[in-house]
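See structure below.
Whatever order the structure lists ligands and atoms in, that order sets their numbers, starting from 1.
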Amino acid sequence: MSTSSALVSQRADALSATEPGRRVFAYLDAIDYERRAAEPNAIDFTFGNPHDMPSDAYVSALQRALIPQHPGWFGYQTYQPAAQEAAAAGFQRLTGLPFAPEDMLLTTGGFSALALGLKLVADPGDEVVFNLPPWFFYEGLALEAGLVPVKVRIDPATLDLDVDAIAAAITPRTRVVIVNTPNNPTGRIYPPTTLRRLAAALDDASHRIGRRILLLSDEAYNRIVFSDQQFHPPAAYYRHTLVAYSYGKTLLAPGQRVGYLALPPDLPDREALRPAARQVQGMMGCAFPNADLQYALPELEGQVIDLAQLERRRDLLVGELTRMGYQVHRPEGTFYLFPRSPDPDDVAFARRLADAGILVVPGTVFETPGFFQMCLTASDEMCQRALPGFAAAIRQTPAVAV
Ligand SMILES: Cc1ncc(COP(=O)(O)O)c(C=O)c1O
């Protein structure tokens, strides 16, 4: 896609043409999303935006953080030590991995943790391997850093990583492999067997090409894990891992931008990486979290949205959709479902749902046709009200031979 404006730079023009970000916005425009989502009866399963009020505990933590305790309270920030300590302790509680506070490089959310990770270790022209379906913005982040995106499909039957395909995609220019677990949009948590095979493949490939390949582990959902499941941190399997985290999901407050890029304790070169990261972050436009969020972080660390409620929604929707004839993997974590579209034309199917007032995202916009994504942050009431529409939509879909 190119614009006709003489004012838009070639760089901005190229970025607005990236997939699947471009397709998401094109799809939303095509279904007139803004208007439909604002309708009083809208059932909105698109995107991880809140549809319930934030908790009192969350709001109180922010209110307290806004009261200045000295003149420099709202001065320039890099990393507040108390926030770094809280982040390291929280990650250790979750994973058992002893990350050092000074290695928790606080960022404006997962977005800038990923951007920082890429810019910190990869140079223009280096290749970045990631899996399809991807999080929407990996391609744009890679291109913005001057890197070359290389896409590998997951195993569509199991929704697990295809480690052989990742290994086959590695070339002498590969510098980073991005893995997202628990995964948006499939809801899969990659198991130890997969992570072990991935680590062995990356070690082999690094030796073969004579350059270390880094794993960028996008763990935005590592605390959104259902009760019968466990998160397996990739950093426990491969020491050349950078961890990207966002508090935007755990707290369901993505407009409050805070997260981190974390360096594992046994990653070589941390002494050099830390100051380099601070410099890169500064030149990314001072991409450090706002002062109030840093002060609030020690309190926010212990908070998490109502996981039992998400689990009830998962169980309701997976159960009911399956009963209606949909094929849907029961997600182990995240707040997404990724059912197969009963109509091979997933865009047409999503549009039919939109006409029935149910807003979902077709898999085509994730470069993964034949599926659609729905987000469990829709309210309980929306989930209930959607059921007749889903039943009608599958009934109206002509049966196809598979
Ligand atoms: C897989 C994944 N990674 C990273 C992000 C970025 O998180 P944030 O918007 O909180 O920076 C998201 C947000 O949707 C995501 O789903």
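The shortest contact between atom 15 (C) of ligand 1 and any protein heavy atom is with W135 NE1, 3.3 Å. Nearest protein heavy-atom neighbour of atom 2 (C) of ligand 1: D218 OD2, 3.4 Å. Protein heavy atom nearest atom 9 (O) of ligand 1, with residue, atom name and distance: R257 NH1, 3.1 Å.
Between the side chains of D346 and T364, at least one donor-acceptor pair of N or O atoms lies under 3.5 Å. Side-chain atoms of E301 and Y247 form a donor-acceptor pair, as typed in the model, at a separation below 3.5 Å. Between the side chains of Y245 and T250, at least one donor N or O lies within less than 3.5 Å of an accepting N or O. In the model, T46 has a side-chain atom that pairs as donor or acceptor with a side-chain atom of D44 under 3.5 Å. In summary, the side chains of R257 and S112 do not present any donor paired with an acceptor at a separation below 3.5 Å, with no hydrogens or angles considered.
Atoms of ligand 1 lying under 4.0 Å from any heavy atom of G109, numbered from 1 in the order shown and given with element: 11 (O). Proximity to F111 (heavy-atom distance under 4.0 Å) selects the following atoms of ligand 1: 6 (C), 9 (O), 11 (O). Within ligand 1, the atoms closer than 4.0 Å to a non-hydrogen atom of K249 are 7 (O), 12 (C), 13 (C), 14 (O), numbered from 1 in the order shown. Every atom of ligand 1 with a heavy atom of S246 under 4.0 Å away is listed here by number and element: 7 (O), 8 (P), 10 (O).
For ligand 1, none of its N or O atoms has an N or O atom of Y138 under 3.5 Å away. Close N/O approach between A220 and ligand 1 is not found [any backbone or side-chain N/O within under 3.5 Å]. Not a single N or O atom of Y336, backbone or side chain, sits closer than 3.5 Å to an N or O atom of ligand 1. In terms of polar-atom proximity, G110 is counted as a contact of ligand 1, with an N or O under 3.5 Å from an N or O of the ligand. Here's the thing with N180: none of its N/O atoms is less than 3.5 angstrom from an N/O atom of ligand 1.
Heavy atoms of F47 found under 4.0 angstrom from ligand 1: none, in either backbone or side chain.
For R330 and D315, the salt-bridge test passes: some basic side-chain N is under 4.0 Å from an acidic carboxylate O. Look at D160 and R197 and you find no salt bridge, because none of the NZ, NE, NH1 or NH2 atoms lies under 4.0 Å from a carboxylate O.
Heavy-atom distances between Y247 and ligand 1 stay at or above 4.0 Å for every pair.
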message: What verdict does the salt bridge (Lys or Arg N to Asp or Glu O under 4.0 Å) test give for K119 and E144, after you've listed the backbone C-alpha separation in whole Å, the side-chain angles of each residue and the deciding distance to 0.1 Å?
response: CA-CA 9 Å; K119 287 175 205 256; E144 199 279 331; 2.7 Å; yes
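W135 pairs with exactly one of F111, F47, F366 by the ring pair (Phe, Tyr, Trp, His ring centres under 6.0 Å) rule, that one being F111.
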